[in-house]
Enquirer: 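Below is the structure I would like to discuss, written out as structure tokens.
Heavy atoms only: backbone and side chains are in, while hydrogens, waters and symmetry mates are out. By convention in this document, chain letters (A, B, ...) are assigned in the order of the sequence lines, proteins followed by strands, and residues within each chain are numbered from 1.
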Protein chains: 2
Amino acid sequence: MPDTFLDENKPANRFARAREAQAVALLEDYVEMIGDLSAELGEARVADIAERMHVSQPTATKSIARLKREGLATSRPYRGVFLTDEGARLADRVRDRHRTVVAFLIRMGVPEDIAELDAEGIEHHVSQVTLSAFEAVLNCKT
Amino acid sequence: MPDTFLDENKPANRFARAREAQAVALLEDYVEMIGDLSAELGEARVADIAERMHVSQPTATKSIARLKREGLATSRPYRGVFLTDEGARLADRVRDRHRTVVAFLIRMGVPEDIAELDAEGIEHHVSQVTLSAFEAVLNCKT
DNA sequence: GGCGCTATATAGCACTTGCTATACTTTCGA
DNA sequence: TCGAAAGTATAGCAAGTGCTATATAGCGCC
């Protein structure tokens with residue numbers, strides 16, 4: 001699994017690409033969440049992850065299993081979940097991207113609460129090129 | 001099923017909302033595609049839909065069945081697929097929204113081909129408020 | 001009119017992401 | 001220390017979206 005997901009692969013067409021991005025979106029959300037919890041509480045417990053993701057605890061466990069399969073996290077039974085180096089890098093990138101998208105939407109005149117909601121869906125589909133364009137807008141046109 | 005999907009429901013949080021949008025995205029893509037094919041060829045055949053969506057023909061059939069369940073399309077065995085009034089309205093809205101998002105990204109400096117790719121994923125997560133903000137940018141700042 | 005090609009439908013499988021119910025471990029207080 | 005509460009894992013189910021393989025219907029051509 002490459003360090004960056006979306007930008008490497010070039011699926012057949014825009015629909016296939018969007019499907020690809022959607023499959024990765026969940027992983028990105030979980031990784032960011034685990035990173036946040038680790039920073040806040042020192043560790044990420046399954047129960048906390050489930051609560052914040054608004055899913056049941058077994059659902060969280062199942063998704064965490066996928067994170068482990070993908071090499072993004074580790075965990076031992078009845079212990080907390082920890083990000084691998086790769087997972088931590090992904091979490092940082094996801095968090096930065098989220099902040100950029102939210103800030104960009106707000107700059108475009110979108111109310112903050114709606115910017116936050118929309119960004120959660122949009123961010124997973126923003127390529128590096130588009131993200132850079134957003135950053136350019138944020139930096140230049142004060 | 002309301003005429004507009006995303007903007008009506010208010011799921012528990014941003015993650016639930018993003019999941020909601022994702023479930024609707026496929027329907028939107030199919031509906032838009034069927035609308036396009038009907039306009040171009042006079043009717044939308046399963047084989048053409050499958051080809052353009054880059055999925056197998058049985059997969060297209062299954063998704064069309066869901067469209068029919070949701071009241072967005074109709075079809076008789078071994079005949080073409082047709083949009084209901086509601087489906088046609090949705091198709092129009094989806095097409096307009098897609099155009100707006102693409103145009104907006106291009107205005108932000110994103111190359112056209114990348115704008116097209118990213119828009120396919122982004123558009124399904126753009127609320128009416130954000131879409132209006134995009135339109136405002138397109139109209140005002142010439 | 002019937003034969004074959006094409007289009008469509010159906011069956012059956014895999015995987016993902018949800019859920020509830022239940023079993024098991026850990027932890028903490030009495 | 002031991003038992004209950006809390007946390008975690010597992011089992012089993014549903015729905016959605018993919019796929020391949022196969023059956024069936026429609027259509028055109030001889």
Side-chain angles (χ1 to χ4, degrees), chain A residues 1 5 9 11-13 15-31 33-34 37 41-70 72-82 120-121 124, chain B residues 1 5 9 11-13 15-31 33-34 37 41-70 72-82 120-121 124:
Chain A
M1 180 111 331
F5 295 89
N9 346 337
N13 70 97
F15 295 112
R17 187 193 144 102
R19 285 198 299 270
E20 189 73 26
Q22 175 241 314
V24 162
L26 236 215
L27 294 186
E28 293 181 337
D29 285 337
Y30 271 91
V31 158
M33 183 65 73
I34 293 169
L37 285 169
L41 309 177
E43 69 173 349
R45 305 302 304 244
V46 171
D48 296 327
I49 297 168
E51 186 187 348
R52 292 229 192 161
M53 295 294 293
H54 282 76
V55 297
S56 69
Q57 167 264 310
T59 295
T61 297
K62 210 178 287 189
S63 294
I64 290 164
R66 197 178 146 210
L67 290 186
K68 289 160 72 175
R69 274 209 310 282
E70 306 265 1
L72 296 171
T74 61
S75 77
R76 298 199 322 282
Y78 298 98
R79 296 295 174 211
V81 180
F82 301 93
E120 188 56 46
H124 301 290
Chain B
M1 180 112 330
F5 293 89
N9 346 338
N13 70 95
F15 295 112
R17 187 194 146 103
R19 286 198 297 270
E20 190 70 28
Q22 174 240 313
V24 163
L26 235 215
L27 295 186
E28 292 182 339
D29 285 337
Y30 270 92
V31 159
M33 182 66 72
I34 293 169
L37 285 169
L41 310 176
E43 68 172 351
R45 307 301 303 245
V46 172
D48 296 327
I49 296 168
E51 185 188 348
R52 293 229 192 161
M53 295 294 293
H54 282 76
V55 297
S56 68
Q57 167 264 312
T59 295
T61 297
K62 209 178 289 189
S63 293
I64 290 164
R66 196 180 147 207
L67 289 185
K68 289 160 72 174
R69 272 207 314 281
E70 306 266 359
L72 297 170
T74 60
S75 78
R76 296 199 323 282
Y78 298 96
R79 297 292 174 214
V81 180
F82 301 93
E120 188 56 46
H124 302 290

Enquirer: Using whole Å, what does the distance between atom P of nucleotide D:dT8 and atom OH of A:Tyr78 come to?
Expert: 10 Å

Enquirer: Please identify the 5'-most and 3'-most nucleotides of DNA chain C with any atom under 4.0 angstrom from a heavy atom of chain B.
Expert: C:dA7 to C:dG18

Enquirer: Please name all residues satisfying side-chain hydrogen bond (donor to acceptor under 3.5 Å, both in side chains) with A:Arg19, sequence neighbours left out, ordered by chain then number.
Expert: none

Enquirer: Less than 3.5 Å apart, which donor and acceptor atoms pair up between the side chains of residues 41-49 of chain A and the rest of the protein, not counting sequence neighbours?
Expert:
from	atom 1	to	atom 2	distance (Å)
A:Glu43	OE2	A:Arg45	NH1	3.2

Enquirer: Determine the minimum heavy-atom distance between A:Ala60 and A:Tyr30, stating which atoms define it.
Expert: CA-OH, 3.7 Å

Enquirer: Looking only at side chains, do A:Lys68 and A:Thr74 share a donor and an acceptor under 3.5 Å apart?
Expert: no

Enquirer: Under a 4.0 Å heavy-atom cut-off, which of residues 42-50 of chain B touch DNA chain D?
Expert: none

Enquirer: Under a 3.5 Å cutoff, is there a donor and acceptor pairing between the side chains of A:Glu28 and A:His124?
Expert: yes

Enquirer: Kindly give the heavy-atom pair with the smallest separation between B:Ser75 and B:Gly80, and that separation in Å.
Expert: CB-O, 3.5 Å

Enquirer: Among residues at least two apart in sequence or on other chains, which ones pass side-chain contact (heavy atoms from CB on, under 4.5 Å) with A:Lys62?
Expert: none

Enquirer: Minimum heavy-atom separation for A:Ser56 and A:Ala50, please, with both atom names.
Expert: O-CB, 3.8 Å

Enquirer: Does the side chain of A:Leu67 come within less than 4.5 Å of A:Ile34's, by heavy atoms?
Expert: yes

Enquirer: Can you measure B:Ile64 atom CD1 to D:dG16 atom P for me and round it to whole angstrom units?
Expert: 16 Å

Enquirer: Between D:dC27 and B:Arg79, is there an OP1 or OP2 to side-chain N/O distance shorter than 4.0 Å?
Expert: yes

Enquirer: To the nearest Å, how far apart are B:Arg19 CZ and D:dT17 P?
Expert: 15 Å

Enquirer: Can you sort out which residues in residues 55-63 of chain B have a heavy atom within less than 4.0 Å of DNA chain C? Ascending by number, please.
Expert: B:Gln57, B:Pro58, B:Thr61, B:Lys62

Enquirer: Whole-Å distance between D:dG16 P and B:Glu28 CD?
Expert: 16 Å

Enquirer: Examine distances only and state if a side-chain atom of A:Thr59 and a backbone atom of A:Val55 form a donor-acceptor pair shorter than 3.5 Å.
Expert: no

Enquirer: Contact between B:Met33 and A:Phe15 at the side-chain level, heavy atoms closer than 4.5 Å - yes or no?
Expert: yes

